[in-house]
Amino acid sequence: MKPDLFQAPDYYNLDDLLTEEHKMVRDAAREWVKRDVSPIIEEAAQDAKFPKSIIKGLAEIGAFGPYIPEEYGGAGLDQIAYGLIMQEIERGDSGVRSTASVQSSLVMYPIYKYGSEEQRKKFLPKLASGEFMGCFGLTEPDHGSNPSGMVTNFKDKGDHYLLNGAKLWISNSPFADIAVVWAKNEDGRIHGLIVERGMEGFSTPETHNKWSLRASATGELIFDNVKIPKENLLPNKSGLGAPLGCLDSARFGIAWGAIGAAMDCYDTALRYSKERVQFGKPIASFQLQQKKLAEMITEITKAQLLAWRLGVLRNEGKATSAQISMAKRNNVDMALKVAREARQVLGAMGITGDYSIMRHMMNLESVITYEGTHDIHLLITGMDITGIPAFS
Ligand SMILES: Cc1cc2nc3c(=O)[nH]c(=O)nc-3n(C[C@H](O)[C@H](O)[C@H](O)COP(=O)(O)OP(=O)(O)OC[C@H]3O[C@@H](n4cnc5c(N)ncnc54)[C@H](O)[C@@H]3O)c2cc1C
């Protein structure tokens, strides 16, 4: 892969809206991605291997639990800082950002929000330092967009619970030390359980042959009469709202992260278009290429504004799930379109691993599907503005 010459676009001087702390956190993540992610990520994606060597660095830049209080090992930052970290990591690769998102919003967040004090103390500091890696099991083979239909279940056996079922498409599952798993009790109520590697009957086979998120490990979670100690049930929230609360936090991070992927594609295409000469001129001098580049920076700027405002609302505790859906949907769609246009600016070179664009484009095909598909988020907006759910 070519040397990482990334220069972040900031067309509307959005830096002026950030605090010194935001900029410091963002710049540290940006430097780390340039130094430790860019040189290895193309090979990791080509080999379809999650690069475990970056776990320590992710912890050091505060990517594991950025907004979890420091007393539990988190970075104690606000939501905009969290968003900026996700943006910078996804500028490097959506798969790496997925690992950080899952660890922060889908594993640490539910333990922090719904867990007991003992669970917080036992798991959060190790997750923040990367000593423990986690995964989040909601999706099942027959229940993706409709997780309420899940069949994974647990029964009360007196001194423990007995867990049975299977989860599919689980990021980090092949190497996770713990899994936050959503399952129904005997009354059909959804609860979160912490399942630990090594528990008898628990296995995590890897899913192969992905053309997308190749640097992120994806797999199954299989529960065959797994005995779960009672103290591993998350006691403070149940029902579908519990996993959906985690998804709000993760989708917020994705709304920022996707901007990072788009910024990288735009920046690469802009630089290439000034260097590549055809018909005796740089291709940047042709109106059709300028149209592509001008539309890219316009859409990136709009997405940046949306994410920043959503961050302010999240910091004030006012952001609704529907507002988060809108930003996730818009920004991922924007990034995918930017990646496709940027790929064309590079002509044939755009399909090679010498540049990051094709990898971003393929990654974003997962990002537009996971954590609620593009269509499901549109239905959420539709329901929010009309008051009528159109899901079934
Ligand atoms: C790489 C990757 C990593 C993932 N990581 C995780 C993870 O860590 N944990 C986890 O729990 N899950 C994870 N997922 C799963 C992901 O969240 C689901 O794939 C997603 O929710 C969609 O479910 P599905 O794939 O079963 O699609 P389906 O629900 O089968 O949907 C198929 C199509 O039908 C459409 N559709 C469905 N219902 C409706 C409706 N009512 N109206 C209109 N259209 C509809 C959808 O929009 C979609 O286009 C991951 C997925 C991928 C690809």
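Residues: numbered from 1 along the sequence shown. Basis for what follows: all heavy atoms, side chains included, without hydrogens, waters or symmetry-related copies. Atoms within a ligand are numbered from 1 in the order they appear, just like the ligands themselves.
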Sequence neighbours excluded, which residues qualify as salt bridge (Lys or Arg N to Asp or Glu O under 4.0 Å) partners of Glu70? none
Check ligand 1 for close polar pairs with the protein: N or O on both sides, less than 3.5 Å.
unit_1, atom_1, unit_2, atom_2, d
ligand 1, 5 (N), Trp169, O, 2.8
ligand 1, 5 (N), Ser171, OG, 2.9
ligand 1, 8 (O), Ser171, N, 2.9
ligand 1, 8 (O), Ser171, OG, 3.4
ligand 1, 9 (N), Phe136, O, 2.9
ligand 1, 11 (O), Leu138, N, 3.0
ligand 1, 11 (O), Thr139, N, 2.9
ligand 1, 11 (O), Thr139, OG1, 3.1
ligand 1, 12 (N), Thr139, OG1, 2.7
ligand 1, 12 (N), Trp169, O, 3.4
ligand 1, 14 (N), Trp169, O, 3.1
ligand 1, 17 (O), Glu371, N, 3.4
ligand 1, 29 (O), Ser145, N, 2.8
ligand 1, 29 (O), Ser145, OG, 2.6
ligand 1, 41 (N), Phe391, O, 2.7
ligand 1, 47 (O), Thr373, OG1, 2.6

Is there side-chain contact between Glu231 and Ser116, with at least one heavy-atom pair below 4.5 Å? no
If you measure only the distance, is there a donor-acceptor pair under 3.5 Å linking the side chains of Asp375 and Thr373? no
Hey, does the side chain of Arg276 reach the backbone of Ile283 with a donor-acceptor pair shorter than 3.5 angstrom? no
Is the Tyr82 ring parallel, tilted or perpendicular to the Tyr67 ring (thresholds 30°, 60°)? perpendicular
Does the side chain of Ser212 pick up a donor-acceptor pair with the side chain of Asn363 at under 3.5 Å? no
